[in-house]
**Student:** 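Questions regarding the structure given below will be posed in turn.
Order of the sequence lines sets the chain letters (A, B, ...), proteins ahead of strands, with each chain counted from 1. Since we're looking at a predicted model, the values are computed, not measured.
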Amino acid sequence: MNIEHFLSDTISTAVNSLFSLTTKPENIILQKTKKEFEGDYTLVTFPYIKAAKLTPEKTGELIGEEILKTNPTITEFNVVKGFLNLTLKTGFWLSEFKNISKDVNYGIKPANSSGKQVMLEYSSPNTNKPLHLGHVRNNLLGYAVAAILKTQGHDVIKVNLVNDRGIHICKSMVAWKFFGNGETPMLSGLKGDHLVGKYYVEFDRAYKKQVQHLMEKGSTKEDAEKQAPIMLQTQEMLLKWEAGDKETMDLWKMMNHWVYDGFKISYKKLGVDFDKIYYESNTYLLGKEIVQEGLTKNIFYKKENNSIAIDLTNDGLDEKIVLRSDGTSVYITQDLGTAIERFKEFPKIAQMIYTVGNEQDYHFKVLFKILEKLGCEWAKECYHLSYGMVELPEGKMKSREGTVVDADDLMDGMVETAREVTEASGKVAEFPQEEKDELFNTIGMGALKYFILKVDPKKKMLFDPKESIDLHGNTGPFIQYAHARIKSILRDYNADIHSISVSDNLKLHEKEKELIKLQYDFPKILEESANTYNPAVVANYIYELAKLFNQFYNECSVLKEENKAVKEFRIKLIETTARIIKNGMMSLGIEVPERM
RNA sequence: GGUCCCGUAGCUCAGCUGGAUAGAGCAACAGCCUUCUAAGCUGUGGGCCAUUGGUUCGAAUCCAAUCGGGGUCACCA
């Protein structure tokens with residue numbers, strides 16, 4: 001049983017008998033004692049002073065004395081103002097530590113043990129341009145949440161819905177056709193997604209020029225935008241695509257493949273993967289029948305101009321069109337179809353998570369509401385993992401205006417910085433080249449991933465490309481360094497670690513006790529992180545743990561400790577610390593090196 | 001304008017299911033490597049937690065209003 005429940009039980013029994021109350025254990029408010037005070041757990045006595053008819057201090061004293069008698073795990077208490085601080089006996093923490101130490105997967109539930117299957121969609125790129133910093137946040141977040149959910153024993157299916165068709169894709173295609181001169185990734189040496197992205201920008205440039213030209217000849221801006229030849233050609237290409245025109249399809253396939261080859265490299269560098277990839281070219285027609293079905297059930301209605309809509313004003317939302325007057329789909333049509341299709345394909349999934357930026361908050365509210373109205377009882381288990389924009393000092397990133405931070409450049413830059421810093425330290429001179437390269441990658445990507453994951457997904461975050469991501473302080477490399485330090489000590493310990501049995505009679509150093517207490521929290525942290533879909537909870541916890549280890553490291557020597565029992569305990573203590581750091585970082589998708 | 005999110009140290013962020021003197025990191029300054037990796041540790045300075053009012057024994061945290069920033073309100077995706 002969890003110690004906090006155990007304490008709550010004794011406390012409720014104590015206050016109930018002392019003040020004839022009927023407080024339930026779950027209503028006892030217990031918190032960890034602040035560092036400045038003596039004790040492990042603290043009870044706020046204010047809620048009981050009325051019933052006790054005593055001062056907060058006296059009330060605390062009374063409760064303290066009572067539970068000291070009834071609960072042998074508590075060895076002492078003190079009262080400061082209205083706060084009753086309880087100290088648990090060292091033996092309790094030691095025995096808890098033994099459990100942590102025994103369990104290689106402490107805090108992590110066995111794979112698929114919860115019986116809950118979750119589908120998590122993330123990444124979902126467009127195939128007309130390379131990935132940028134916004135995608136990086138999406139990918140890292142999606143991957144981390146999936147990994148964190150797995151620690152809770154859930155079976156997570158990671159899926160990617162690739163937006164591979166539509167007018168924006170045709171823009172790159174048209175531009176390439178006109179200006180490309182047959183350029184290919186092979187010929188140009190450009191990564192495929194970058195090459196296609198180049199023509200997306202090219203389209204915009206040509207389009208703007210044509211619009212301006214038309215306006216100079218007297219067109220209104222609106223007309224010019226509609227009549228620019230390149231735009232007309234793009235729309236024509238979309239029609240051809242939808243008609244299955246061979247030449248268009250061949251061009252589309254070829255250019256998309258360039259992009260996929262490029263994405264493959266970026267995904268690999270990011271360390272993310274998928275169990276299934278959906279393509280919008282296969283799903284964009286889904287949902288139409290569902291709309292027709294909903295129409296007969298009067299969930300939807302036909303408007304005067306033949307478009308089909310749903311009225312959500314009673315749910316605090318607006319009217320929403322679900323099918324155009326010409327019978328074609330809108331964005332939400334296929335989202336409805338895709339969701340329903342997925343639940344048919346995977347009947348066991350209990351939950352669907354969509355990792356999509358917060359500019360689509362309203363869209364998902366509408367989507368889930370419509371699913372609910374359509375009678376999908378799983379609609380309430382759908383969750384929009386909404387995250388804030390990554391902003392630059394100048395403001396929002398805009399693909400077409402070139403104010404984006406390219407994902408590949410960013411990653412390469414981080415790895416390069418890691419290489420420079422690491423080589424300058426002179427610590428890796430004798431490492432084999434292969435290990436060096438892997439290490440620079442681990443550190444560079446660790447810095448980037450941690451930088452992004454340590455902030456609450458819901459909040460927008462600021463990234464200044466001019467200030468490169470730090471490698472000191474509250475950073476990924478700081479944590480990796482703590483891990484490498486521990487591993488170094490463990491390598492130098494020339495005795496068998498497995499045969500150590502921790503003594504029951506140890507006097508704990510302050511930092512040792514703090515380490516045990518913090519390690520004890522790990523399972524709760526993972527749970528909270530999973531329940532709130534927030535990797536930052538784990539990230540900040542692991543940082544605390546690494547920092548605490550560094551403090552311990554500075555105050556207590558492990559290998560030079562002369563008392564054998566203490567030395568062995570410390571070996572075990574740092575071993576579990578390293579394990580938790582590693583497992584915690586794994587759940588964020590961040591690697592930790594054995595040495596650095 | 002309706003609606004949603006946000007406003008904490010010079011900067012980037014924690015803390016927000018109400019509790020003790022609001023925490024980290026960066027940046028600045030001062031110390032610590034003949035002692036297990038100094039990507040580290042210790043210390044100093046830095047805050048009317050946007051403002052005002054309310055609820056409460058107690059508010060950065062809950063509620064309301066105001067001010068500032070952003071998103072969204074398509075037969076776009």
**Student:** If the P atom of B:G15 is compared with that of B:A9, how far apart are they to the nearest Å?
**Tutor:**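 Those two atoms are separated by 15 Å.
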**Student:** If B:C62 has a Watson-Crick or G-U wobble mate with both distances under 3.5 Å, name it; if not, just say none.
**Tutor:**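 Checking every strand shown, B:C62 finds its partner in B:G54, with both distances under 3.5 Å.
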**Student:** Would you kindly give the CD1-to-C1' distance between A:Ile469 and B:A27, to the nearest whole Å?
**Tutor:**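 Between C1' of B:A27 and CD1 of A:Ile469: 17 Å.
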**Student:** Between A:Ile332 and A:Asp456, which has a closest nucleotide on RNA chain B that is more 5'?
**Tutor:**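 Nearer the 5' end of the strand: A:Asp456.
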**Student:** Counting any heavy atom closer than 4.0 Å, what does A:Val330 reach on the DNA or RNA strands: base, sugar-phosphate only, or nothing?
**Tutor:**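 If one applies the 4.0 Å heavy-atom cut-off, A:Val330 turns out to touch the sugar-phosphate alone, with no base involved.
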**Student:** With no angle test and no hydrogens, is the base of B:A20 tied to the side chain of A:Asn85 by a donor-acceptor pair under 3.5 Å?
**Tutor:**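 Indeed there is one.
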**Student:** Between the side chains of A:Tyr301 and A:Glu319, does any donor sit under 3.5 Å from an acceptor?
**Tutor:**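 Their side chains do contain a donor-acceptor pair, which is all the 3.5 Å distance test asks for.
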**Student:** Of the options B:G70, B:G25, B:U12, whose atoms approach the side-chain atoms of A:Glu391 most closely?
**Tutor:**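 Nearest to the side-chain atoms of A:Glu391, counting from C-beta on, is B:G70.
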**Student:** Taking the same atom, C1', in B:A50 and in B:C5, what whole-Å distance lies between them?
**Tutor:**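 One C1' to the other, the span is 16 Å.
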**Student:** Kindly point out which of B:A39, B:G70, B:U37 is positioned nearest to the side chain of A:Val421?
**Tutor:**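 The nucleotide sitting nearest to the side chain is B:A39.
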**Student:** Could you give the CG-to-P distance, from A:Asn550 to B:A38, as a whole number of Å?
**Tutor:**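 Going from CG in A:Asn550 over to P in B:A38 covers 9 Å.
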**Student:** B:C67 and B:G23: how far apart are their P atoms, nearest whole angstrom?
**Tutor:**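 To the nearest whole Å, 33 Å.
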**Student:** Both conditions, 6.0 Å and 45 degrees, for the charged tip of A:Arg485 above the ring of A:Tyr553: are they met here?
**Tutor:**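 A:Arg485 over A:Tyr553 ring: yes.
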**Student:** Give none if B:C36 has no partner; otherwise give the nucleotide forming a Watson-Crick or G-U wobble pair with it, both distances under 3.5 Å.
**Tutor:**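 Answer to the pairing question: none, since B:C36 forms no Watson-Crick or G-U pair.
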**Student:** A:Asn474 and A:Tyr450: side-chain hydrogen bond (donor to acceptor under 3.5 Å, both in side chains), yes or no, with the steps?
**Tutor:** CA-CA 9 Å; A:Asn474 187 354; A:Tyr450 185 85; 2.6 Å; yes
**Student:** Measure from the side chain of A:Tyr553, starting at C-beta and using heavy atoms only, and say which of B:G70, B:U37, B:A39 lies closest.
**Tutor:**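 The nucleotide sitting nearest to the side chain is B:U37.
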**Student:** Nearest to the side chain of A:His472 - B:G40, B:C13, B:C36?
**Tutor:**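 Shortest atom-to-atom distance from the side chain points to B:G40.
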**Student:** If we ignore angles and hydrogens, is there a donor and acceptor under 3.5 Å between the side chains of A:Asp335 and A:His363?
**Tutor:**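 Present: a donor and an acceptor within the cut-off.
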**Student:** Can you tell me which nucleotide in B:C6, B:A20, B:C41 comes closest to the side chain of A:Lys34?
**Tutor:**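 Nearest listed nucleotide: B:A20.
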**Student:** Check the phosphate of B:A38 against A:Arg485, side-chain N and O only, distance under 4.0 Å to OP1 or OP2. Yes or no?
**Tutor:**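 Yes, within the criterion.
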**Student:** Taking the cut-offs as 6.0 angstrom to the six-membered ring centre and 45 degrees off its axis, would you call A:Arg137 and A:Tyr387 a cation-pi pair?
**Tutor:**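 A:Arg137 over A:Tyr387 ring: no.
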**Student:** Please give the distance between the C1' atoms of B:G18 and B:U55 as a whole number of Å.
**Tutor:**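 Taking atom C1' in both B:G18 and B:U55, they lie 11 Å apart.
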**Student:** Output yes if the stacking criterion (under 5.5 Å between centres, under 30° between planes) is met for A:Phe37 over the base of B:A20, else no.
**Tutor:**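 Yes; centroid distance and tilt both under limits.
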**Student:** Quick one: label A:Ile443 by what it contacts on the DNA or RNA (base, sugar-phosphate, nothing), any heavy atom closer than 4.0 Å.
**Tutor:**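 Counting heavy atoms under 4.0 Å across all strands, the contact made by A:Ile443 includes a base.
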**Student:** Working note: A:Asp40 + A:Thr87, criterion side-chain hydrogen bond (donor to acceptor under 3.5 Å, both in side chains); need CA distance, chi angles, decisive distance, verdict.
**Tutor:** CA-CA 5 Å; A:Asp40 297 319; A:Thr87 304; 5.1 Å; no
**Student:** Within this structure, what is the CH2-to-P distance between A:Trp241 and B:A77, rounded to whole angstrom?
**Tutor:**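 The distance from CH2 of A:Trp241 to P of B:A77 comes to 13 Å, rounded to the nearest Å.
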**Student:** Looking at every non-hydrogen atom in both residues, tell me the closest pair between A:Gly446 and A:Ile590 and how far apart they are.
**Tutor:**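 Minimum heavy-atom contact is CA-CG2, 3.8 Å.
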**Student:** Using a cut-off of 4.0 Å on non-hydrogen atoms, how would the nucleic acid contact of A:Thr328 be classed: base, sugar-phosphate, or nothing?
**Tutor:**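 No contact at all - A:Thr328 keeps every heavy atom at 4.0 Å or more from the nucleic acid.
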**Student:** For B:U37, does either OP1 or OP2 sit under 4.0 Å from a side-chain N or O belonging to A:Ser488?
**Tutor:**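 True: A:Ser488 side-chain N/O within range (under 4.0 Å) of B:U37 OP1/OP2.
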**Student:** 5'-most contact on RNA chain B: A:Asn163 or A:Asn534, nearest heavy atom basis?
**Tutor:**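 Going by which nucleotide is closer to the 5' end, it is A:Asn534.
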**Student:** Which is true for A:Ala484 with a 4.0 Å heavy-atom rule: it touches a base, it touches only sugar-phosphate, or it touches nothing?
**Tutor:**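 It contacts base atoms.
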**Student:** Tell me the partner of B:G68, counting only Watson-Crick (N1-N3 plus N6-O4 or O6-N4) or G-U wobble (N1-O2 and O6-N3) with both under 3.5 Å; none if nothing fits.
**Tutor:**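 Looking at the geometry, B:G68 pairs with B:C6.
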**Student:** Atom NZ of A:Lys458 to atom C1' of B:A14: distance rounded to whole Å?
**Tutor:**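 Atom NZ in A:Lys458 sits about 13 Å away from atom C1' in B:A14.
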**Student:** Looking across every strand, which nucleic acid part, if any, lies under 4.0 Å from A:Asp361 by heavy atom: base, sugar-phosphate, or nothing?
**Tutor:**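 The residue A:Asp361 makes no contact with any strand.
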**Student:** Of all the nucleotides listed (B:C36, B:A20, B:G25), which has the minimum atom distance to the side chain of A:Lys547?
**Tutor:**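 Selected nucleotide: B:G25.
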**Student:** Answer yes or no for this row: A:Phe478 ring on B:G40 base, centroids under 5.5 Å, planes under 30°.
**Tutor:**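 Check failed, A:Phe478 does not stack on base of B:G40.
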**Student:** Measure CZ/A:Arg595 against P/B:A39 and give the value in whole Å, please.
**Tutor:**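 Rounding to the nearest Å, CZ of A:Arg595 and P of B:A39 are 16 Å apart.
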**Student:** Looking only at the side chains, is there a donor atom on one of A:Thr42 and A:Thr33 sitting less than 3.5 Å from an acceptor on the other?
**Tutor:**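 Distance-only check passes for A:Thr42 and A:Thr33.
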**Student:** Between A:His384 and A:Asn358, is the side-chain hydrogen bond (donor to acceptor under 3.5 Å, both in side chains) condition met? List the steps.
**Tutor:** CA-CA 9 Å; A:His384 175 203; A:Asn358 66 5; over 6 Å; no
**Student:** Taking the C1' atom in each of B:A14 and B:A74, what is the distance between them to the nearest angstrom?
**Tutor:**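 Taking atom C1' in both B:A14 and B:A74, they lie 39 Å apart.
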**Student:** What nucleotide, of B:A77, B:A39, B:U72, holds the atom closest to the side chain of A:Lys427?
**Tutor:**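 Output: B:A39.
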**Student:** With a cut-off of less than 4.0 Å, is there a side-chain N or O of A:Tyr481 near OP1 or OP2 of B:A39?
**Tutor:**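 Checking B:A39 against A:Tyr481, a side-chain N or O does come within under 4.0 Å of OP1 or OP2.
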**Student:** Output the single nucleotide from B:A77, B:C26, B:C36 whose closest atom is nearest the side chain of A:Tyr331.
**Tutor:**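 Closest of the options to the side chain of A:Tyr331: B:A77.
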**Student:** Tell me whether the NZ or CZ atom of A:Arg570 lies within the 45° cone about the ring axis of A:Tyr493 and under 6.0 Å from its centre.
**Tutor:**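 Here A:Arg570 fails the 6.0 Å and 45° test against A:Tyr493.
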**Student:** Quick check for you: among B:C41, B:U37, B:A77, whose closest atom lies nearest to any side-chain atom of A:Ile489?
**Tutor:**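 Nearest to the side chain of A:Ile489 among the choices is B:U37.
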**Student:** For B:U35, does the base pair up with any side-chain atom of A:Lys560 as donor and acceptor (N or O, under 3.5 Å, distance only)?
**Tutor:**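 Side chain to base: no pair present.
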**Student:** What is the distance, rounded to the nearest whole Å, between atom CG of A:Leu392 and atom C1' of B:G70?
**Tutor:**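 For the pair A:Leu392 CG and B:G70 C1', the rounded distance is 15 Å.
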**Student:** Which label fits B:C33, syn or anti, where anti is any glycosidic angle not within 90° of 0?
**Tutor:**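 Syn.
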**Student:** Could you tell me the separation between the NE2 atom of A:His384 and the P atom of B:C5, rounded to a whole number of Å?
**Tutor:**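 That distance rounds to 14 Å.
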**Student:** Quick test of the criterion, 5.5 Å between centres and less than 30° between planes. Is A:Tyr543 stacked on B:A24 or not?
**Tutor:**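 A:Tyr543 ring does not meet the centre or angle cut-off for B:A24; no stack.
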**Student:** Which base sits across from B:U44 as a Watson-Crick or G-U pair, both distances under 3.5 Å?
**Tutor:**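 Across any shown strand, B:U44 pairs with B:A28.
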**Student:** Using a 4.0 Å heavy-atom cut-off across all strands, classify A:Val455 as base, sugar-phosphate, or nothing.
**Tutor:**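 Contact class for A:Val455: sugar-phosphate only.
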**Student:** Using atom C1' in both nucleotides, what's the gap between B:U72 and B:A65 to the nearest angstrom?
**Tutor:**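 Roughly 23 Å separates the two C1' atoms.
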**Student:** Looking only at side-chain atoms of A:Asp492, point me to the closest of B:A77, B:A39, B:U37.
**Tutor:**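 Minimum distance to the A:Asp492 side chain belongs to B:U37.
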**Student:** Let me know the distance between CZ of A:Phe46 and P of B:A20, rounded to the nearest Å.
**Tutor:**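 So the two atoms are 10 Å apart, to the nearest Å.
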**Student:** For a quick check of understanding: with a heavy-atom distance under 4.0 Å over all strands, which category does A:Glu555 fall into, base, sugar-phosphate or nothing?
**Tutor:**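 Counting heavy atoms under 4.0 Å across all strands, no contact is made by A:Glu555.
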**Student:** Hey, is the side chain of A:Thr422 pairing donor to acceptor with the base of B:A39 inside 3.5 Å?
**Tutor:**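 Indeed, a donor on one side and an acceptor on the other fall under 3.5 Å apart.
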**Student:** Please give the nucleotide sitting opposite B:G23 as a Watson-Crick or G-U wobble pair, both distances under 3.5 Å, or none.
**Tutor:**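 WC or wobble partner is B:C13.
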**Student:** Any strand counts, and the cut-off is 3.5 Å on both contacts for Watson-Crick or G-U wobble. Which nucleotide pairs with B:G1?
**Tutor:**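 B:G1 is paired, partner B:C73.
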**Student:** Over all strands shown, is A:Met389 touching base, sugar-phosphate only, or nothing at heavy-atom distances under 4.0 angstrom?
**Tutor:**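 No contact at all - A:Met389 keeps every heavy atom at 4.0 Å or more from the nucleic acid.
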